[in-house]
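Letters go in sequence order (proteins before strands), and every chain restarts at 1. All values reported here derive from a predicted model rather than from experimental measurement.
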Amino acid sequence: MGNTNSGTYVRVFANDSVWMEDSAVEQLQTTARNLSAIRAAVGLPDLHPGRGYPVGAAFFSINHFYPALVGGDIGCGMQLLETDLASHKTSPSKIEKALGNIDSPLPEHSITPATYGQLEQLAQQAGDTDLRYLLSMLGTIGGGNHFAEWQAVDAIYEEGVLNKKQLYLLVHSGSRGLGGAILRQHVERFGHAGLVADSTAAKDYLDQHDAAIGFAQLNRQHIASRMLRAVRATGRCMLDVTHNHVGVHQWQGQQGYLHRKGATPSDQGLVVIPGSRGDFSYVVRPVASRHDALDSLAHGAGRKWARSDCKGRLKPRFTLAALQQTRFGSTVVCADKDLIYEEAPQAYKEVDGVVQTLLDCGLLHLVARLKPVLTYKKGAMACC
DNA sequence: ATGTTC
């Protein structure tokens with residue numbers, strides 16, 4: 001599916017194996033039309049409506065870029081670690097007990113001087129942000145679709161990448177409040193008009209943007225390491241990939257800016273496409289140089305239901321306890337009752353359809369399929 | 001997404 005809209009390349013990667021809302025496609029087209037510097041817009045199979053702009057999409061612009069298109073969670077991404085825990089030696093209940101309440105701010109004595117130095121540098125680069133603010137968020141998962149999930153290997157498609165016997169840890173989180181603060185500050189001055197490339201304002205934003213990317217990555221590292229420590233395991237980072245960002249990019253021989261809004265890069269090696277908390281996650285090898293897809297893949301399953309619809313639809317059919325277990329026998333730890341409904345597997349597309357669509361389009365090769373053992377969404381200290 | 005938002 002593709003069309004040319006007053007010179008703008010707009011394409012949606014979809015087929016019968018994936019649900020896609022018309023309103024999301026409309027949002028993609030409207031965005032491509034209304035933001036005048038945009039030359040190309042791509043919807044991935046996880047495309048779904050967002051606040052003004054769709055999620056699961058990539059946009060290429062020339063001479064101008066749009067911070068509002070990236071949104072508030074600058075630097076949000078996935079980190080996958082191979083742990084030294086053997087899958088068969090553990091269980092959801094053992095991990096849950098060992099983790100305890102692990103989503104509160106890190107105790108200050110556990111912050112190393114090196115981390116402290118990194119935070120000081122990031123706080124300054126982000127625009128004189130309060131260091132204490134960053135410290136209070138470091139190592140916390142956040143809300144929405146963020147999680148840290150212990151996973152077992154369910155299937156191997158390409159040998160020699162994942163180890164069938166090991167447990168893996170997937171961390172999905174972002175820059176927490178920092179990216180939101182940077183966006184708010186930007187929108188107060190410039191609204192949604194975007195910035196002229198190479199202007200002072202553009203350089204200032206990109207500097208802050210990069211600080212948010214750095215903080216998000218540091219945050220994922222700390223989420224992972226505190227969890228590994230709690231279960232007395234170690235981990236090896238296999239990939240850490242950001243799906244909300246903007247940066248210089250080439251497209252059709254022209255230099256411009258690529259915005260990814262819930263879109264995983266396909267030009268940075270292996271990536272993971274997670275399903276919902278009651279579904280598989282796929283480690284995949286992107287096919288390189290698919291510029292027709294703006295070098296991007298789906299970043300997950302994508303929402304099927306609006307958050308506001310979930311509780312009404314699920315409460316009559318499921319108890320909270322039922323939603324804290326999944327069809328795999330995995331456990332979902334989440335102290336926020338509303339969030340359990342909003343993040344229920346029923347609220348998401350089936351990841352198999354999303355991945356099948358990308359396979360059919362020739363955008364990736366499968367490496368492995370992971371299934372959840374325990375998902376940590378939000379601890380009691382982190383909410384209420 | 002969110003030191004949410006009164």
Taking the six-membered ring of W305(A) as reference, does the NZ or CZ atom of R313(A) fall below 6.0 Å from its centre and within a 45° cone about the axis?
yes

Answer with base, sugar-phosphate or nothing: what part of the nucleic acid does [X] contact at a heavy-atom distance below 4.0 Å?
X       : result
G144(A) : sugar-phosphate
G142(A) : sugar-phosphate
G174(A) : nothing
G71(A)  : nothing
R132(A) : nothing

Please give, in whole Å, the distance from [N] [atom2] to [X] [atom1]?
X       : N      : atom1 : atom2 : result
D338(A) : dT4(B) : CG    : P     : 16 Å
R184(A) : dT5(B) : CZ    : C1'   : 12 Å
K378(A) : dT4(B) : NZ    : C1'   : 10 Å
H172(A) : dT2(B) : NE2   : P     : 9 Å
R51(A)  : dT5(B) : CZ    : C1'   : 12 Å
K377(A) : dT2(B) : NZ    : P     : 10 Å
F215(A) : dT2(B) : CZ    : C1'   : 13 Å
I74(A)  : dT2(B) : CD1   : C1'   : 13 Å

Decide whether M137(A) and M227(A) are clustered together by the hydrophobic rule: side chain heavy atoms of Ile, Leu, Val, Met, Phe, Trp, Tyr closer than 4.5 Å, transitively.
no

Partner of Y53(A) by side chain to side chain contact (heavy atoms under 4.5 Å, CB included), out of T31(A), T30(A), L28(A)
T31(A)

Hey, is the side chain of R176(A) poking within less than 4.0 Å of OP1 or OP2 on dG3(B), counting only N and O atoms?
yes

Using a distance-only test with no angle check, is there a side-chain donor-acceptor pair under 3.5 angstrom linking T140(A) and D103(A)?
no

Test log, rule side-chain contact (heavy atoms from CB on, under 4.5 Å), inputs E149(A) and Y376(A):
CA-CA 6 Å; E149(A) 187 167 275; Y376(A) 208 104; over 6 Å; no

